[in-house]
Protein chains: 2
Amino acid sequence: MESLPIHITINSELYTKNPESSDLGKKIVRTSIEMINDLGFESFTFKKLGVAIESNESSIYRYFESKHALLVYLINWYWSWIEYKLVFATTNITSAKDKLNTAITLFTQEVKEDNSFTFINEVLLNKIIISESAKAYHTKDVDEENKKGFYETYKRVVQRVSDIVLEINPKFEFPHMLISTVIEGAHHQRYFSQHLPALTDVEEGKNNVVRFYTDLVQKTIV
Amino acid sequence: MESLPIHITINSELYTKNPESSDLGKKIVRTSIEMINDLGFESFTFKKLGVAIESNESSIYRYFESKHALLVYLINWYWSWIEYKLVFATTNITSAKDKLNTAITLFTQEVKEDNSFTFINEVLLNKIIISESAKAYHTKDVDEENKKGFYETYKRVVQRVSDIVLEINPKFEFPHMLISTVIEGAHHQRYFSQHLPALTDVEEGKNNVVRFYTDLVQKTIV
DNA sequence: AATATATGAAAGTATTACTATTAAACCGAA
DNA sequence: TTCGGTTTAATAGTAATACTTTCATATATT
């Protein structure tokens, strides 16, 4: 896909001070992505991040009120980016079936290149989504955070693709279930292939995740 | 299903001292299930559990070396129990298709009654699986723990049902992907229906989760 | 040059996830 | 019924986490 100098805007509820507004802010986000990948979300701390960026813990708290808030920010950035790619890739496609296949491929394929039109490494961010994103919404505060719009971008992406499903088959009863199953499922399969291979059938270079879910969706919505 | 006085044996790697060997041990497990449901896994601590059971934190550590270890124990108990139900429910069914449907129903239906042939409340345990089980394997120690057999019961259940899929269609390429997608997917849908309803199409009393996945599986394996 | 804003340094707090030690209670066998 | 072993309770302690607060300093704006 062509790389454009687009700008992804994040809901201001999701940070205390906009990390894009300063070099320090961008460094916090950029470095946190690397560190969450290396250490895992549990072992990642603002203290360690402070050391890594040669800044202070208290300065990081000026941008994000907690590491949970930072994770939610990253997840929203990811889904905004996917939404952009989705809209870009499906515009001017007239066939709903082609649009759906494009969307499913986008959700299930490995993210391999960092287009780097921004300060965010999308390859690493995709790995965080796969390994850590469930931790963002599996908390006792989900309901409250959901009301505040913390999961809007994800929901909007699911809605867009559900609408494509309904274009193809207006009588299909479970479009949201289908799309969220595909998205979460693809993430699980990528994780399992690395860590619990007995739970999957992923093989190097055979594109099995994309093929499996593309076929599953086509057959299911008929 | 008929309630039998069966006994579920848990791999002794999964505890320091077998909680089934004493009243205190059973109380630890029983009460931890209630508390993890009430507080969520993050806010649950051995200190709080000690207060609740009128025992001491240090006594709990004699049974489980950490709260993570306790969660892994519960998850294994759950999958052993599901495996038992699976084997029981599919024995004497000759049609592979019927066996598969039985399995899918078992995975996707809500657990509503506590058969209570044990000290474990299965309804609450099922809720923990839905909300917290991803936290068990989304850690930096997965690979190590997987080697030690911490996820054997889950893998065995997936294998059993994958074998049924292959009985129906020996050429189907992705049986493990399909089954793990259904299991994880059903858990997500139940969670979403409670907390992020925009991501699902679950409706009270309409059995949508079971219907959706049963239909999806049948169409996909053809 | 004055002022506002952003960042840094340091110290402090409550809580967590443990570990270690010792003493008391319990329990079965001689 | 007392001995020995095991189990549990009570207490204290540790290192780390997830912050908060305060104040000083650097930098940018007017």
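Note on naming: letters A, B, ... go to the chains in the order of the sequence lines (proteins, then strands), and numbering restarts at 1 for each one. Values reported hereafter were calculated over all heavy atoms of this structure, with side chains retained and with hydrogens, waters and symmetry mates removed.
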Round to the nearest Å and state the distance from [X] atom [atom1] to [N] atom [atom2].
{"X": "B:Glu54", "N": "C:dA25", "atom1": "CD", "atom2": "P", "value": "17 Å"}
{"X": "A:Ile53", "N": "C:dA9", "atom1": "CD1", "atom2": "C1'", "value": "14 Å"}
{"X": "A:Leu71", "N": "D:dA18", "atom1": "CG", "atom2": "C1'", "value": "16 Å"}
{"X": "B:Lys27", "N": "D:dT8", "atom1": "NZ", "atom2": "C1'", "value": "12 Å"}
{"X": "A:Glu20", "N": "C:dA6", "atom1": "CD", "atom2": "P", "value": "16 Å"}
{"X": "A:Ile60", "N": "D:dT20", "atom1": "CD1", "atom2": "P", "value": "13 Å"}

field: Check ion pair A:Lys155-A:Glu152 (N to O, under 4.0 angstrom)
entry: yes
query: If you measure from the Lys or Arg side-chain nitrogens to the Asp or Glu carboxylate oxygens, is any gap between B:Lys140 and A:Glu42 under 4.0 Å?
result: no
field: Touch class at under 4.0 angstrom, heavy-atom based, for B:Tyr63 against every strand present
entry: sugar-phosphate
Kindly give the atom pairs (protein nitrogen or oxygen, nucleotide nitrogen or oxygen) under 3.5 Å for nucleotides 25-30 of chain D.
none

Looking only at side chains, do [X] and [Y] share a donor and an acceptor under 3.5 Å apart?
{"X": "A:Glu122", "Y": "A:Asn126", "result": "no"}
{"X": "B:Glu65", "Y": "B:Thr16", "result": "no"}
{"X": "B:Thr139", "Y": "B:Asp141", "result": "no"}

task: Measure the spacing between CD1 of A:Ile28 and CD1 of A:Ile53 and express it to the nearest 0.5 Å.
output: 4.5 Å
- prompt: Can you find a side chain N or O atom of A:Ser22 that sits less than 4.0 Å from OP1 or OP2 on C:dT7?
  reply: yes
query: Do A:Phe150 and A:Val142 have side chains that get closer than 4.5 Å, going by heavy atoms?
result: no
Side-chain heavy atoms of B:Lys48 within contact of B:Ser43, under 4.5 Å: yes
Protein-nucleic acid N or O pairs under 3.5 Å, nucleotides 17-21 of chain C:
| unit_1 | atom_1 | unit_2 | atom_2 | d |
| --- | --- | --- | --- | --- |
| C:dA17 | OP1 | B:Lys67 | NZ | 3.4 |
| C:dC18 | O5' | B:Tyr61 | OH | 3.4 |
| C:dC18 | N4 | B:Glu57 | OE1 | 3.3 |
| C:dC18 | N4 | B:Glu57 | OE2 | 3.4 |

query: Taking the six-membered ring for Trp, are B:Phe44 and B:Phe46 parallel (under 30°), tilted (30 to 60°) or perpendicular (over 60°)?
result: perpendicular
